[in-house]
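In what follows, a single structure is set out as structure tokens and then discussed.
Side chains included, hydrogens not; waters and symmetry mates left out as well; all remaining heavy atoms used.
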Amino acid sequence: TFPHCLTPDSPMDSFDITATIARLFVHPVKSCAGIEVQEALLTDTGLDLDRAWMVVDADGVFVSQRELPRMALVRPQLRLSDMVLRAPGMLALHVSLDEVEQPLQVQVWGDIVQAFDMGKVAAQWFTDFLGRPLRLVRFDPDYRRVCSPKWTGDTEATTQFADGFPVLVATAAAVDDLNTRLAAAGFGAVGVERFRPNIVLAGIEAHDEDRVDMLHITTADGVVQLQPVKPCARCPIPDIDPATAESHPAVGNTLRSYRQDARVNGAITFGMNAIVREGAGQVLRVGQVVGANYQFD
């Protein structure tokens, strides 16, 4: 059990900090562009359809912007019955939400998971755009990919094709702080999209998500509880401009000057990975109020 459990009638002034959900993002295809939404269904594995698809190589191993930065230019649109993928110089690819092809095993980081192939047309589309043999796969919803118990403790949390955890939380103030530092060094501002969060919080200080024990979100149907469990260690992807797929080290170099995190062996961190403790099946919306208390030492 955790302290400060919230009921629908609990006053928000009982929390150390109060924020609002400023922005919500769903990333249907791992490492491709995200979609900003006004509301999203929360499931045990994160926001509905977030990282539900993934691009894999001929061996079934996932690929990402780390080695294929042009993945940033693949822009999805979710519709009632399909997902439409668009990229420069390519005809739109329509991917059914309700149809898959043969099952297969794929690898995401150190995990071998069950998935479904999305067919030859999708494979050729990604192969043509990214210039190497690739396939599009969908996570098998009957498979349980369990998050690292090193970080979740006694709570068994699951995710789909996300790097390791269901939900990534960041603060608008952290992006503002970074942009102030970039400007002082003579570089242009960047957007939060580079950090690929699901939830962006406003009204609190930069990186307050690092310091709280639980996020309590008041919804129309009750309360959602998200527990921050692991700082999000950063690779070179935030250096990639999502509008052009071009990379420049300014973001990484700037973060390195103030965001080396002892909790993850000195890696650069930005945002917190969180697990769903309560409220799967509820809808998160922009503008909802979030309460949290600082962790006790």
Under a single-linkage definition using a 4.5 Å side-chain heavy-atom cutoff for Ile, Leu, Val, Met, Phe, Trp and Tyr, are [X] and [Y] assigned to the same hydrophobic cluster?
X: Ile275; Y: Trp151; value: yes
X: Val286; Y: Ile217; value: yes
X: Leu41; Y: Val169; value: no
X: Leu226; Y: Leu168; value: no
X: Phe165; Y: Val200; value: no

Can a donor-acceptor pair be found, under 3.5 Å and without considering hydrogens, that links the side chain of [X] to the backbone of [Y]?
X: Thr155; Y: Ala157; result: no
X: Asp16; Y: Tyr294; result: yes
X: Asp239; Y: Gly252; result: yes
X: Thr171; Y: His207; result: yes
X: Arg196; Y: Cys32; result: yes
X: Gln295; Y: Val212; result: yes
X: Trp125; Y: Leu91; result: yes
X: Gln160; Y: Gly46; result: no
X: Arg194; Y: Pro238; result: yes
X: Glu36; Y: Gln38; result: no

Please walk me through it: do Leu255 and Leu178 pass side chain to side chain contact (heavy atoms under 4.5 Å, CB included)?
CA-CA 8 Å; Leu255 288 174; Leu178 170 62; 4.0 Å; yes
Are Leu97 and Met83 close enough, and set up right, to give a side chain to side chain contact (heavy atoms under 4.5 Å, CB included), and what steps lead you there?
CA-CA 7 Å; Leu97 299 184; Met83 173 176 64; 4.2 Å; yes
State, yes or no, whether a side-chain contact exists between [X] and [Y] at a heavy-atom distance under 4.5 Å.
X: Thr219; Y: Gln288; value: yes
X: His248; Y: Asp241; value: no
X: Met272; Y: Lys230; value: no
X: Val63; Y: Arg132; value: yes
X: Leu93; Y: Val121; value: yes
X: Val26; Y: Asp48; value: no
X: Ser31; Y: Ile237; value: yes
X: Val55; Y: Leu136; value: yes

Report yes or no: is the cationic atom of Arg70 (NZ for Lys, CZ for Arg) under 6.0 Å from the centre of the six-membered ring of Phe129, at an angle within 45° of the ring normal?
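Judged by the rule, Arg70 and Phe129 form a cation-pi pair.
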Quick check with a 6.0 Å cut-off and a 45 degree axis cone: is Lys30 positioned over the face of Phe62's six-membered ring?
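Yes, Lys30 sits over the ring of Phe62.
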Applying side chain to side chain contact (heavy atoms under 4.5 Å, CB included), run through Ile240 and Ser247 and close with a yes or a no.
CA-CA 4 Å; Ile240 299 171; Ser247 182; 4.2 Å; yes
Approximate separation, where rounding is to 0.5 Å, of [X] [atom1] and [Y] [atom2]:
X: Gln114; Y: Arg138; atom1: CD; atom2: CZ; result: 15.5 Å
X: Asn198; Y: Leu47; atom1: CG; atom2: CG; result: 4.5 Å
X: Leu134; Y: Thr127; atom1: CG; atom2: OG1; result: 5.0 Å
X: Arg259; Y: Ile268; atom1: CZ; atom2: CD1; result: 10.0 Å
X: Leu85; Y: His94; atom1: CG; atom2: NE2; result: 9.5 Å
X: Arg86; Y: Arg75; atom1: CZ; atom2: CZ; result: 12.0 Å

Check the surroundings of atom CD in Glu205: do more than 12 heavy atoms from other residues, nucleotides or ligands lie under 6.0 Å from it?
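No, the 6.0 Å shell around CD holds no more than 12 heavy atoms from other groups.
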CD/Glu39: more than 12 non-hydrogen atoms of other groups inside 6.0 Å:
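Atom CD in Glu39 is packed in, count exceeds 12.
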Phe195 and Phe270 aromatic ring geometry - parallel, tilted or perpendicular at 30°/60° bounds:
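Phe270 vs Phe195 ring planes: parallel.
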Distance-minimising heavy-atom pair for [X] and [Y]:
X: Pro76; Y: Pro28; value: CG-CD, 3.8 Å
X: Arg277; Y: Gln227; value: NH1-OE1, 2.8 Å
X: Leu73; Y: Ala243; value: CD2-O, 3.6 Å
X: Leu42; Y: Gly279; value: CD2-O, 4.0 Å
X: Pro197; Y: Phe25; value: O-CB, 3.1 Å
X: Gly188; Y: Leu182; value: O-CD1, 3.7 Å

Can Thr159 and Arg145 be counted as having a side-chain donor-acceptor contact under 3.5 angstrom?
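No - no donor-acceptor pair under 3.5 Å links their side chains.
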I would like to know whether Asp177 and Tyr258 meet side chain to side chain contact (heavy atoms under 4.5 Å, CB included); could you show each step before the answer?
CA-CA 11 Å; Asp177 178 41; Tyr258 72 105; 3.6 Å; yes
